[in-house]
Novice: 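Please read through the structure below; I'll follow up with questions.
Remember, it's a predicted structure, so these values are computed and weren't measured experimentally.
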Amino acid sequence: MSVPCVAVERERGEAVRKRLADADALDGDHEIAVDGDTIYIPVVAPEAVPDDLAAAIVERDAAERDRPLTPAAILGYEPSLERLGDIVIVDEDDDERAREIAEAVMASDVPCETVLNRASPIEGELRVRRWDVLAGNGTETVHREYGHEFLLDVAEVYFSPRLATERHRVVEQVESGETAIDMFAGVGPYAVPLASRGADVVACDLNERAVEYLRENAERNGVADRVTAIAGDVREIADEHAGTADRLVMNLPHSAGEFLDTAVRLAGDDCTIHYYDIQHEDDPFGPGTRAIRAAAGDAYDVTVETERVVRSYAPHEYNVCLDVRLSRE
């Protein structure tokens, strides 16, 4: 099929392609082609091309781009989907619609072994939920995130792939040789990357099954020698690890405030706390800041280094993070 293309020297190809993309002029339905020293970049229409490239437009046969078959193409609408390893998660109250989506996912080119629908909210002290298996078999998977692998069972542990960017933001701050304590570690999405950055990590969680996965994930990612995984309440290890932490991760948004006294006991002379909270949009950071200052008392100078909205949690409520530095004079 003959389509308009911008023809330029090969060495200019990437720069021109970027310019055309910025101008929304690229034709994504046809393949870019190279012939000798010339590259041919399909465009949606000549009038969309920047003026200084207009003289380079030629008509040329271009192959249609192969596009993966998506669930939306099958259904005729865009379903809400979440990927976790080779599991696709839907969130539908209507069972018939949920099964319709599951069938479309399995028929599409989405790499997937299992489709699950949320059957309950997050429940109990261990923060797990029930699931309906719509297609495939089982609830265990391997999730990959920023170069790390995490084996987990969504029916037995809490894990949110939506927090990947936030976890990476925290991990990027770590320097080799730090001592970090992950107070609510789960299967290790903070602890394992922290150890990969060279930190010595103490990782604690009430969920014994999560801690089993944490130990396996530390082995899987080659950091078992730098991760001490503990099944139990972090308050029970406060005496043993008092005053040792250069960094504390407190990712338990609804209840982290109840553990601030423990965090202060664990903190070393100069310690950064990553404190997660759920608060109303009118004052998303104030309650956490005040609680940290109250817990630190006169023992530390408290500096709030980052106030960050991680995501919307509910109408008028945010999941937020405070990066707070505690330092002794």
Novice: Using the test side-chain hydrogen bond (donor to acceptor under 3.5 Å, both in side chains), find all partners of Arg162 that sit at least two apart in sequence or belong to another chain.
Specialist: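 Only Glu82 meet the side-chain hydrogen bond (donor to acceptor under 3.5 Å, both in side chains) criterion with Arg162.
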Novice: In chain order, what residues pass the ring-ring contact (aromatic ring centres under 6.0 Å, His included) check against His148, with sequence neighbours excluded?
Specialist: none
Novice: Quick one: OG on Ser196 to OH on Tyr146, what's the gap to the nearest 0.5 Å?
Specialist: 15.0 Å
Novice: Asp27 side chain to Asp29 main-chain N or O, any donor-acceptor pair under 3.5 Å?
Specialist: yes
Novice: Got a second to check how far Leu248's CG is from Ile273's CD1, nearest 0.5 Å?
Specialist: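 Answer rounded to 0.5 Å: 5.5 Å.
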Novice: I'd like to know if Arg328 and Asp269 make a salt bridge, using a cut-off of under 4.0 Å between side-chain N and carboxylate O.
Specialist: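 Yes, this pair counts.
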Novice: Do the non-hydrogen side-chain atoms of Val249 and Met183 ever get within less than 4.5 Å of each other?
Specialist: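 Not in contact.
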Novice: Applying side-chain contact (heavy atoms from CB on, under 4.5 Å) to Val320 and Phe285, what does each step give before you reach the verdict?
Specialist: CA-CA 7 Å; Val320 301; Phe285 306 111; 3.7 Å; yes
Novice: For Ile292 and Tyr275: C-alpha separation, side-chain torsions, deciding distance, then whether side-chain contact (heavy atoms from CB on, under 4.5 Å) applies.
Specialist: CA-CA 9 Å; Ile292 294 169; Tyr275 177 85; 3.9 Å; yes
Novice: What is the distance from atom OG1 of Thr38 to atom CZ of Arg10, rounded to the nearest 0.5 Å?
Specialist: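 The distance works out to 9.5 Å.
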Novice: If you look only at distance, which donor and acceptor atoms sit under 3.5 Å apart when one is on a side chain in residues 50-59 and the other is two or more places apart or in another chain?
Specialist:
unit_1 : atom_1 : unit_2 : atom_2 : d
Asp52  : OD1    : Arg19  : NH2    : 3.0
Asp52  : OD2    : Arg19  : NH1    : 2.9
Glu59  : OE1    : Ser2   : OG     : 2.9

Novice: Just verifying a value: how many Å separate Ile181 CD1 and Thr228 OG1, rounded to the nearest 0.5 Å?
Specialist: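 If I round to the nearest 0.5 Å, the distance is 10.0 Å.
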Novice: Spell out, yes or no, whether Val211 and Phe150 are grouped together once hydrophobic residues are joined by side-chain heavy atoms under 4.5 Å, including indirect joins.
Specialist: no
Novice: List the steps, then state whether side-chain contact (heavy atoms from CB on, under 4.5 Å) holds for Leu84 with Thr141.
Specialist: CA-CA 8 Å; Leu84 181 56; Thr141 191; 4.2 Å; yes
Novice: Applying side-chain contact (heavy atoms from CB on, under 4.5 Å), can you list everything that pairs with Glu172, at least two apart in sequence or on another chain?
Specialist: His168, Arg197
Novice: Does any part of the side chain of Leu81, heavy atoms only, come nearer than 4.5 Å to the side chain of Ile101, both counted from C-beta?
Specialist: yes
Novice: Check this for me: Glu175, atom CD, are more than 12 non-hydrogen atoms of other residues, nucleotides or ligands nearer than 6.0 Å?
Specialist: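 Open: at most 12 neighbouring heavy atoms sit under 6.0 Å from CD of Glu175.
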Novice: Any side-chain heavy atom of Val154 sitting closer than 4.5 Å to one from Leu116?
Specialist: yes
Novice: For the residue pair Arg60 and Cys5, what are the closest heavy atoms and their distance?
Specialist: CB-SG, 4.2 Å
Novice: Strictly distance-based, threshold 3.5 Å: is any side-chain N or O of Ser108 a donor or acceptor partner for the main-chain N or O of Val110?
Specialist: yes
Novice: I'd like to check the ring-ring contact (aromatic ring centres under 6.0 Å, His included) partners of His280; sequence neighbours left out, ordered by chain and number.
Specialist: none
Novice: Around Asp94, counting heavy atoms of other residues, nucleotides and ligands shown, do more than 12 lie under 6.0 Å from its CG?
Specialist: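 It does: Asp94 CG has more than 12 such atoms within range.
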Novice: Is any NZ, NE, NH1 or NH2 atom of the basic residue among Arg144 and Asp86 found under 4.0 Å from an Asp or Glu carboxylate oxygen of the other?
Specialist: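 Answer for the salt bridge query: no.
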Novice: Check whether more than 12 heavy atoms from other residues, nucleotides or ligands sit under 6.0 Å from atom CD of Glu123, and answer yes or no.
Specialist: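 Count over threshold, so yes.
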Novice: Name all residues meeting the side-chain hydrogen bond (donor to acceptor under 3.5 Å, both in side chains) criterion together with Asp301; count only those two or more places apart in sequence or in a different chain, and write none if there are none.
Specialist: none
Novice: Thinking salt bridges, do Asp323 and Arg247 make one under a 4.0 Å N-O criterion?
Specialist: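 Arg247 and Asp323: not salt-bridged.
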Novice: In terms of side-chain geometry, is the basic nitrogen of Arg209 or Asp153 positioned less than 4.0 Å from the acidic oxygen of its partner?
Specialist: no
Novice: Side chains of Tyr213 and Glu140: is there a donor and an acceptor less than 3.5 Å apart?
Specialist: yes
Novice: Between Val90 and Pro79, is there a side-chain heavy-atom distance shorter than 4.5 Å?
Specialist: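 Counting from C-beta outward, Pro79 and Val90 never come under 4.5 Å.
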Novice: Quick one: ring-ring contact (aromatic ring centres under 6.0 Å, His included) partners of Phe184, sequence neighbours excluded?
Specialist: Phe259
Novice: Please check if the number of heavy atoms outside Tyr300 that lie under 6.0 Å from its OH is greater than 12.
Specialist: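 Counting other residues, nucleotides and ligands, OH of Tyr300 exceeds 12 neighbours.
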Novice: Output yes when a side-chain donor or acceptor of Asp246 lies under 3.5 Å from a complementary backbone atom of Thr179, and no otherwise.
Specialist: yes
Novice: Ignoring hydrogens and geometry, is there a side-chain-to-backbone donor-acceptor pair from Asp91 to Arg118 under 3.5 Å?
Specialist: no
Novice: Assess whether a salt bridge exists between Glu166 and Arg169, defined as any Lys/Arg side-chain N lying under 4.0 Å from an Asp/Glu carboxylate O.
Specialist: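 Salt bridge present between Glu166 and Arg169.
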Novice: Passes side-chain contact (heavy atoms from CB on, under 4.5 Å), Leu163 versus Asn251? Steps please.
Specialist: CA-CA 11 Å; Leu163 297 177; Asn251 185 24; 4.2 Å; yes
Novice: With a sphere of 6.0 Å drawn around CG of Asn137, does it hold more than 12 non-hydrogen atoms of other residues, nucleotides or ligands?
Specialist: no
Novice: Under the 3.5 angstrom rule, does the side chain of Arg226 hit a backbone N or O of Ala195 as a donor-acceptor pair?
Specialist: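 Yes; judged by distance alone, with no hydrogens or angles, the pair exists.
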Novice: Which residues pass the side-chain hydrogen bond (donor to acceptor under 3.5 Å, both in side chains) test with Asp277, sequence neighbours left out?
Specialist: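 Scan of Asp277 (side-chain hydrogen bond (donor to acceptor under 3.5 Å, both in side chains), adjacent residues dropped) gives Gln279.
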Novice: Quick one: do Asp109 and Arg67 make a salt bridge, cutoff under 4.0 Å?
Specialist: no
Novice: Report yes or no: do Val264 and Val234 belong to one cluster of Ile/Leu/Val/Met/Phe/Trp/Tyr joined by side chain heavy-atom distances under 4.5 Å?
Specialist: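 Yes, because Val264 and Val234 connect within a single hydrophobic cluster, where side-chain heavy atoms sit under 4.5 Å apart.
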Novice: Using 4.0 Å as the upper bound for N to carboxylate O, is an ion pair formed by Glu92 and Arg99?
Specialist: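 No, this pair does not count.
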Novice: Would you say Arg311 has more than 12 foreign heavy atoms packed within less than 6.0 Å of its CZ?
Specialist: yes
Novice: Got a second to check how far His241's NE2 is from Thr262's OG1, nearest 0.5 Å?
Specialist: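 Interatomic distance, His241 NE2 to Thr262 OG1, rounded to 0.5 Å: 13.0 Å.
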Novice: Say you draw a straight line from NE2 of His30 to CD1 of Ile41; how long is it, rounded to the nearest 0.5 Å?
Specialist: 15.0 Å
Novice: Is it the case that the side chain of Asp233 and the backbone of Arg235 share a donor-acceptor pair, with hydrogens and angles ignored and the cut-off at 3.5 Å?
Specialist: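 Yes, the answer is positive, given that a donor and an acceptor are paired below the 3.5 Å cut-off.
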Novice: Checking salt bridge (charged side-chain N to carboxylate O under 4.0 Å, His left out) for the pair Glu100/Arg97: CA distance, chi angles, key distance, verdict?
Specialist: CA-CA 5 Å; Glu100 176 184 65; Arg97 179 180 165 97; 5.4 Å; no
Novice: Tell me the ring pair (Phe, Tyr, Trp, His ring centres under 6.0 Å) pairs involving residues 83-136, sequence neighbours left out?
Specialist: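 Every candidate ring pair (Phe, Tyr, Trp, His ring centres under 6.0 Å) pair involving residues 83-136 fails, so no pair, neighbours aside, qualifies.
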Novice: Got a donor-acceptor contact below 3.5 angstrom from the Thr70 side chain to the Ala73 backbone?
Specialist: yes
Novice: For Ile122, enumerate each residue passing the side-chain contact (heavy atoms from CB on, under 4.5 Å) test, keeping only those at least two apart in sequence or located in another chain.
Specialist: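 Once residues adjacent in sequence are excluded, the partners of Ile122 under the side-chain contact (heavy atoms from CB on, under 4.5 Å) criterion are Arg127, Arg129, Tyr158.
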Novice: Would you indicate whether the side-chain heavy atoms of Pro42 and Ile32 approach each other to under 4.5 Å?
Specialist: yes
Novice: My understanding is that only residues two or more places apart in sequence, or in another chain, count here; which of them pass ring-ring contact (aromatic ring centres under 6.0 Å, His included) with Tyr276?
Specialist: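 ring-ring contact (aromatic ring centres under 6.0 Å, His included) list for Tyr276, sorted by chain: empty.
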Novice: Check side-chain hydrogen bond (donor to acceptor under 3.5 Å, both in side chains) between Asp261 and all other residues, then give those that pass, not counting sequence neighbours.
Specialist: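 Applying side-chain hydrogen bond (donor to acceptor under 3.5 Å, both in side chains) to Asp261 gives none.
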